[in-house]
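Residue numbers start at 1 and run along the sequence shown. A quick note: this is a predicted structure, and the numbers were derived from the prediction, not measured. Computed over heavy atoms, backbone and side chain alike; hydrogens, waters and symmetry mates excluded.
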Amino acid sequence: MFKILTIGNSFSCDAVEYLKDICACGGISDVFIHNMCIGGCSLERHAGCLKSGAYEYGLAINAKHARAASLPEEIKAYDWDVITLQQASHFSGMYDTYQPFLDELVSFIREHKPNAKIYWHKTWAYETDSTHGGFANYDRDQETMANAIDEAAKKAAEFIGAPTVPSGDVIRELRKLPEFDHANGGQSLCRDGFHMHIFYGRYAVAATWFETLFGGDIRTNPFIPPVDKIGAITPDVMRKLELIKETVHKICSK
């Protein structure tokens with residue numbers, strides 16, 4: 001059993017929604033994913049919850065809501081193979097908001113679960129026309145936000161000595177393609193300007209986790225997100241999925 005704990009927010013919900021299904025289609029059926037989520041949760045709030053032990057999290061097990069949960073109890077509950085951390089999206093490009101909270105979280109994890117491999121989840125910039133209030137932190141400019149995330153994620157990963165799950169890199173690369181260039185009429189990878197599109201965005205990010213954590217090749221994986229999320233699986237839909245697969249593999253192979 002390969003056990004993953006994500007300490008996140010709604011962006012980690014996007015990331016792991018399809019992960020177990022992708023793994024199963026890739027021949028990896030023995031996967032156990034616990035996602036600890038508080039909407040918009042920052043590292044500062046995670047660190048506060050670590051100290052208080054409050055049952056403030058919604059725990060999803062394999063993408064299904066299970067119960068309220070306490071962060072220190074959940075970290076101690078299992079012998080996790082992987083534990084992921086991430087910053088709240090509006091602070092994701094502002095490294096001064098990371099500390100000392102990132103250090104506190106990592107210190108606790110390494111004390112209680114020294115065999116768990118920690119990953120930094122690098123999230124994505126908002127869509128060009130996003131109305132999210134936090135977009136003002138980046139002059140409401142997608143490239144400014146993406147560059148800031150690059151810098152902050154690099155510092156975070158280096159500080160904790162951890163590899164990165166490059167979700168933000170994949171989304172940024174896909175947006176360079178006409179098919180996903182929303183500013184010029186392409187399909188947006190977001191559903192509301194910041195959360196991932198239920199079909200394309202969530203698939204792209206889960207595929208990134210699959211390649212990063214399991215070394216799988218998404219290009220040969222037959223998983224397709226549920227048809228009710230897109231309406232119909234048309235040739236155009238399949239072509240977009242193939243573009244996502246090739247982009248994920250290119251970024252994750254670096």
**Item:** Beyond-backbone contact of V82 with F2, side-chain heavy atoms, under 4.5 angstrom
**Value:** yes
**Message:** Ignoring hydrogens and geometry beyond distance, is a side-chain donor-acceptor pair present between T123 and Q86 at under 3.5 Å?
**Reply:** no
**Asked** What distance do Y57 atom OH and R67 atom CZ have between them, rounded to the nearest 0.5 Å?
**Response** 13.5 Å
**Prompt:** Among side-chain atoms of H90 and N137, is any donor-acceptor pair under 3.5 angstrom?
**Reply:** no
**Request:** Verify whether the ring centers belonging to F32 and Y78 lie closer than 6.0 Å.
**Result:** yes
**Request:** Assess the side chains of Q187 and H182: does a donor N or O sit below 3.5 Å from an acceptor N or O?
**Result:** no
**Request:** Please assess K113 against D79 for the test salt bridge (charged side-chain N to carboxylate O under 4.0 Å, His left out), listing each intermediate value before the final yes or no.
**Result:** CA-CA 7 Å; K113 296 298 169 184; D79 290 327; 3.4 Å; yes
**Request:** Could you tell me whether F101 and H46 have their ring centroids closer than 6.0 angstrom?
**Result:** no
**Prompt:** For N35 and T6, does a side-chain donor sit closer than 3.5 Å to a side-chain acceptor?
**Reply:** yes
**Item:** F108 and H112 aromatic ring geometry - parallel, tilted or perpendicular at 30°/60° bounds
**Value:** tilted
**Item:** Connected via hydrophobic side-chain network under 4.5 Å: I7 and V205
**Value:** no
**Asked** Is it true that L102 and W80 fall in one hydrophobic cluster, defined by side-chain heavy atoms closer than 4.5 Å?
**Response** yes
**Item:** Test item: side-chain donor near acceptor, Y138 and Q142, under 3.5 Å
**Value:** no
**Asked** Roughly how far, to the nearest 0.5 Å, is CG of L241 from CD1 of I233?
**Response** 7.0 Å
**Request:** Could you verify whether a donor N or O on one side chain and an acceptor N or O on the other, from Y98 and E44, lie under 3.5 Å apart?
**Result:** no
**Distance-only donor-acceptor check, side chains H197 and R191, under 3.5 Å** = no
**Exercise: do S89 and Y126 side chains pair donor with acceptor under 3.5 Å** = yes
**Prompt:** If you measure only the distance, is there a donor-acceptor pair under 3.5 Å linking the side chains of R172 and N147?
**Reply:** yes
**Asked** Between F214 and W209, is the gap from one ring center to the other below 6.0 Å?
**Response** no
**Item:** Pair S167-H121, side-chain donor/acceptor within less than 3.5 Å
**Value:** yes
**Asked** Taking the six-membered ring for Trp, are Y200 and F180 parallel (under 30°), tilted (30 to 60°) or perpendicular (over 60°)?
**Response** perpendicular
**Message:** Do I244 and Y203 make a side-chain contact, defined as non-hydrogen atoms from C-beta onward lying under 4.5 Å apart?
**Reply:** yes
